[in-house]
Enquirer: 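Can you read through this structure? Questions will come right after.
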Amino acid sequence: MSVETPRLGSILPMPLDEKDLKEVVEKSRDWAIMHGAGMRSKTNFSKDALYFAPFVLIPSVFPRREFYKALELQLVLNEMVHWVAHNRIFLTEVLKETIQVDEFTGNLFKIYETVQDEGITQNLSLGLFRSDYMVHNSNSKIKQVEINTIASSFGGIITHLTKLYRYVLQELGHHDLAANLPENNALEGLCSGMLEAWKMYGDIEATILFIVEDVTYNICDQRFHEFEIKRLNPYVKVIRKTLTEIGNEATLGSSNELIIDNRPVAVVYFRAGYEPNHYHSQLEWDARLMIERSQAIKSPSIHYHLAGTKKVQQALAKPGTLEMFLSDSGKIEAVREIFTGLYSLDLDEFGDQAIQMALDQPERYVLKPQREGGGNNIYGEEIKDAILKMKDSKERSAWILMERIHPPISSGYIVRPGGPEVPELLDLVSELGIYGVIIGDSYKIYSNRQCGHMLRTKTSTANEGGVAAGLGALDSPYLVD
Ligand code: ADP
Ligand code: MG
């Protein structure tokens with residue numbers, strides 16, 4: 001991080017008085033545990049116990065104008081992803097080099113081609129997206145990090161955690177400041193999307209199936225979704241299965257209904273399936289294909305999944321591409337503004353230029369493979385080594401180069417399980433996520449809305465801040481003008 005990185009003000013004078021700090025940390029930690037802001041421990045796993053999820057004690061400052069801009073933009077991004085996903089020529093062209101060298105994306109693409117060639121059984125897709133942003137220093141405007149089209153997480157926990165900050169501010173004698181904490185109904189919004197799709201499926205016996213990992217650490221977030229579905233519609237049954245279980249237990253009915261536990265499935269909600277290690281063998285790939293062939297409405301459908309790849313993100317940033325998917329020039333302009341430099345590393349003249357840029361100034365970029373879930377990107381000097389290794393091989397098509405976003409720094413405290421009673425004051429940076437729900441088919445979009453937000457914060461020197469990965473902390477934006 002360069003020395004001239006601007007600093008954001010904090011909402012309260014920092015550091016806090018040590019006695020106050022200790023007291024509020026203890027109270028807020030219990031508040032988090034008691035309101036389900038929890039995760040299972042990776043080091044001390046037990047289904048009987050939860051640890052609280054790491055969180056930032058005092059909400060971080062975020063520019064109000066950029067926050068509302070991101071909310072508004074979600075509808076445009078939902079629409080854009082929807083039409084990208086429904087353009088076979090575009091997806092095929094954009095991914096054609098990558099799928100030759102990236103086996104995982106290649107396998108997803110094979111499923112896509114199979115169902116496209118067979119004819120799609122379920123024309124509707126359900127998108128539960130999250131677009132992630134960081135404020136970029138140079139002009140204090142948001143830049144998009146990525147858009148998640150599969151397993152967009154934390155909508156459950158964050159909805160509850162937003163309320164923690166009201167309590168913390170009250171405890172510190174500043175309840176008046178709570179007016180700057182925006183409402184957050186992400187959980188209800190996401191679950192309403194699933195229920196709307198469930199209704200469109202049109203069978204009251206049918207279930208909502210969560211595809212889950214073999215071991216779920218982020219259990220509270222997933223269960224919140226399940227319980228919220230039940231709260232909104234007590235007649236709907238939610239079941240949880242791994243891809244392995246689907247491979248062993250599920251069948252397709254005479255009209256391609258997905259049948260598991262003797263009931264048809266209306267909606268499949270993937271909280272796993274985005275990483276190679278979620279597919280232990282061909283069985284799990286067969287399960288994914290079976291789901292895709294079925295009548296169930298998928299979140300995401302295979303084409304939504306592919307539309308969320310980093311390669312597609314990079315292709316959309318090329319001049320003239322957005323125009324293929326959005327007709328309104330205002331919308332196109334607004335989307336273009338959030339893109340930072342994105343470059344292909346394909347074996348051609350443009351790829352060569354990008355390779356040279358990365359070798360000359362590696363600190364300016366992030367090197368990204370086609371992966372989700374955090375911990376896969378390469379930063380700084382290591383970019384050079386990686387590029388020198390792959391420079392002359394086709395493998396480079398599996399990667400994209402992205403300009404590094406430099407967010408402003410704020411001062412704050414992170415409360416972690418096993419952390420000290422009095423946490424130290426840290427330099428922090430934040431990443432905003434906006435949730436979007438969309439339901440549509442190849443002809444039409446039936447529902448399109450924005451449904452809430454999350455903020456994740458990490459120390460300013462960490463490259464990545466995945467909360468589930470153990471680096472970041474949950475947070476909530478405190479809006480300032
Ligand atoms: P993943 O699919 O693994 O979540 P991301 O593209 O979201 O991949 O990258 C993971 C993390 O890396 C982000 O949450 C962010 O902290 C950091 N990151 C990604 N791209 C950039 C960028 N262009 N500039 C700065 N940090 C970035
Ligand atoms: Mg991400």
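Positions are given from 1 along the sequence. Start at 1 and go down the list; that is how both ligands and their atoms are numbered.
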Enquirer: Tell me, do Thr92 and Phe109 make a side-chain contact under 4.5 Å, heavy atoms counted?
Expert: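 With C-beta onward as the side chain, the pair touches.
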
Enquirer: Around atom 27 (C) of ligand 1, find the nearest protein heavy atom and jot down its residue, atom name and distance.
Expert: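 Protein heavy atom with the smallest distance to atom 27 (C) of ligand 1: Val366 CG2, 4.2 Å.
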
Enquirer: Distance check below 2.8 Å: does Asp132 bring an N, O or S atom to the Mg ion (ligand 2)?
Expert: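 No, outside the cut-off.
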
Enquirer: Can you tell me which portion of Met134 lies within the under-4.0 Å heavy-atom range of ligand 1? Options are side chain, backbone, both, or neither.
Expert: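 Near ligand 1, Met134 shows its side chain, while the N, CA, C and O stay back.
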
Enquirer: Would you say the side-chain atoms of Ser10 pair up with the backbone N or O of Ser411, donor to acceptor, closer than 3.5 Å?
Expert: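 A pair under 3.5 Å: no.
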
Enquirer: Before accepting this row, confirm whether a basic side-chain N of the pair Glu79/Lys331 lies closer than 4.0 Å to the acidic partner's carboxylate O.
Expert: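 A salt bridge links Glu79 with Lys331.
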
Enquirer: If you measure every N or O of Glu403 against every N or O of ligand 1, does any of those distances drop under 3.5 Å?
Expert: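 By distance alone, the answer is yes.
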
Enquirer: Against heavy atoms of Gly373, which atoms of ligand 1 measure under 4.0 Å?
Expert: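 With Gly373 as reference, the close atoms of ligand 1 come out as 1 (P), 2 (O), 3 (O).
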
Enquirer: Tell me whether Arg271 is salt-bridged to Glu226, with the criterion being a basic N under 4.0 Å from an acidic carboxylate O.
Expert: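 Salt bridge absent between Arg271 and Glu226.
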
Enquirer: Is there a polar contact, in the sense of an N or O pair closer than 3.5 Å, between Gly374 and ligand 1?
Expert: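 N/O-N/O distance under 3.5 Å: yes.
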
Enquirer: Output yes when the distance from some N or O of ligand 1 to some N or O of Val145 is under 3.5 Å, and no in every other case.
Expert: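 N/O-N/O distance under 3.5 Å: no.
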
Enquirer: Short list, please: which atoms of ligand 1 are under 4.0 Å from a heavy atom of Lys458?
Expert: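 Within the 4.0 Å cut-off of Lys458, ligand 1 contributes 16 (O).
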
Enquirer: Would you mind reporting whether Lys368 and Gln314 have side-chain heavy atoms less than 4.5 Å apart?
Expert: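 Counting from C-beta outward, Gln314 and Lys368 never come under 4.5 Å.
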
Enquirer: Does the N or O separation between Glu146 and ligand 1 drop below 3.5 Å for any pair?
Expert: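 Yes, at least one N or O pair falls under 3.5 Å.
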
Enquirer: Of the choices Leu367, Leu401, Ile405, which has the non-hydrogen atom that lies closest to atom 24 (N) of ligand 1?
Expert: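 Shortest heavy-atom distance from atom 24 (N) of ligand 1: Ile405.
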
Enquirer: Asn218 and Gln222: side chain to side chain donor-acceptor pair (under 3.5 Å), yes or no, with the steps?
Expert: CA-CA 7 Å; Asn218 201 3; Gln222 295 184 14; over 6 Å; no

Enquirer: Is the closest N or O pair between Lys368 and ligand 1 shorter than 3.5 Å?
Expert: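 Looking only at distances, the answer is yes, because the N/O contact criterion of under 3.5 Å is met.
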
Enquirer: Enumerate the atoms of ligand 1 whose separation from the nearest heavy atom of Met402 is less than 4.0 angstrom.
Expert: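 Contacts of ligand 1 toward Met402, numbered from 1: 23 (N).
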
Enquirer: Using a 4.0 Å cutoff against the non-hydrogen atoms of Arg371, which atoms of ligand 1 qualify?
Expert: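 In order of number, 2 (O).
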
Enquirer: Does at least one non-hydrogen atom of Tyr379 fall below 4.0 angstrom from an atom of ligand 1?
Expert: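 Heavy atoms of Tyr379 do come under 4.0 Å of ligand 1.
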
Enquirer: Considering only heavy atoms, does Arg404 approach ligand 1 within less than 4.0 Å through its side chain, its backbone, both, or neither?
Expert: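 It is both backbone and side chain that touch ligand 1.
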
Enquirer: For this output row, return yes or no: ring centroids of Tyr269 and His225 closer than 6.0 angstrom.
Expert: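 Yes.
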
Enquirer: Flag Asn148 as yes when one of its N or O atoms lies below 3.5 Å from any N or O atom of ligand 1, and as no otherwise.
Expert: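 In fact, backbone or side chain, Asn148 has no N or O that close.
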
Enquirer: In the protein, which heavy atom is nearest to atom 14 (O) of ligand 1, and how far is it?
Expert: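 Protein heavy atom at minimum distance: Glu431 OE1, 2.6 Å.
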
Enquirer: Does Ile434 reach the side chain of Tyr133, with side-chain heavy atoms less than 4.5 Å apart?
Expert: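 In contact.
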
Enquirer: Taking the six-membered ring for Trp, are Trp399 and Tyr343 closer than 6.0 Å centroid to centroid?
Expert: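 For Trp399 and Tyr343, the ring centres are not under 6.0 Å apart.
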
Enquirer: Considering only non-hydrogen protein atoms, determine which one is nearest to atom 2 (O) of ligand 1 and report residue, atom name and distance to 0.1 Å.
Expert: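 Going atom by atom, the protein heavy atom closest to atom 2 (O) of ligand 1 ends up being Lys310 NZ, 2.7 Å.
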
Enquirer: Does ligand 1 come near enough to Asn377 that some N or O of the ligand is less than 3.5 Å from an N or O of the residue?
Expert: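 Such a contact does occur with ligand 1.
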
Enquirer: Say you draw a straight line from OG1 of Thr321 to CG of Leu326; how long is it, rounded to the nearest 0.5 Å?
Expert: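 Separation between the atoms: 11.0 Å.
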
Enquirer: At under 4.0 Å between heavy atoms, is it the side chain or the backbone of His406 that contacts ligand 1, or both, or neither?
Expert: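 Answer for His406: neither.
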
Enquirer: Under 6.0 Å between ring centres: does that hold for Phe325 and Phe90?
Expert: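 Ring centroids of Phe325 and Phe90 are less than 6.0 Å from each other.
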
Enquirer: Answer yes when Lys69 and Glu72 have at least one side-chain N-carboxylate O distance shorter than 4.0 Å, and no when they do not.
Expert: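 No, no charged N to carboxylate O under 4.0 Å.
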
Enquirer: What is the name of the N/O/S atom in Glu146 that sits closest to the Mg ion (ligand 2)?
Expert: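 For Glu146, the N/O/S atom sitting closest to the Mg ion (ligand 2) is OE2.
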
Enquirer: Taking the side chain as every heavy atom from C-beta outward, state whether Val437 and Ser447 have any pair of such atoms under 4.5 Å apart.
Expert: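 Side-chain contact under 4.5 Å: no.
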
Enquirer: Indicate yes or no: does an N/O atom of Asn376 lie under 3.5 Å from an N/O atom of ligand 1?
Expert: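 Between Asn376 and ligand 1 (N or O atoms, distance only) the closest approach is not under 3.5 Å.
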
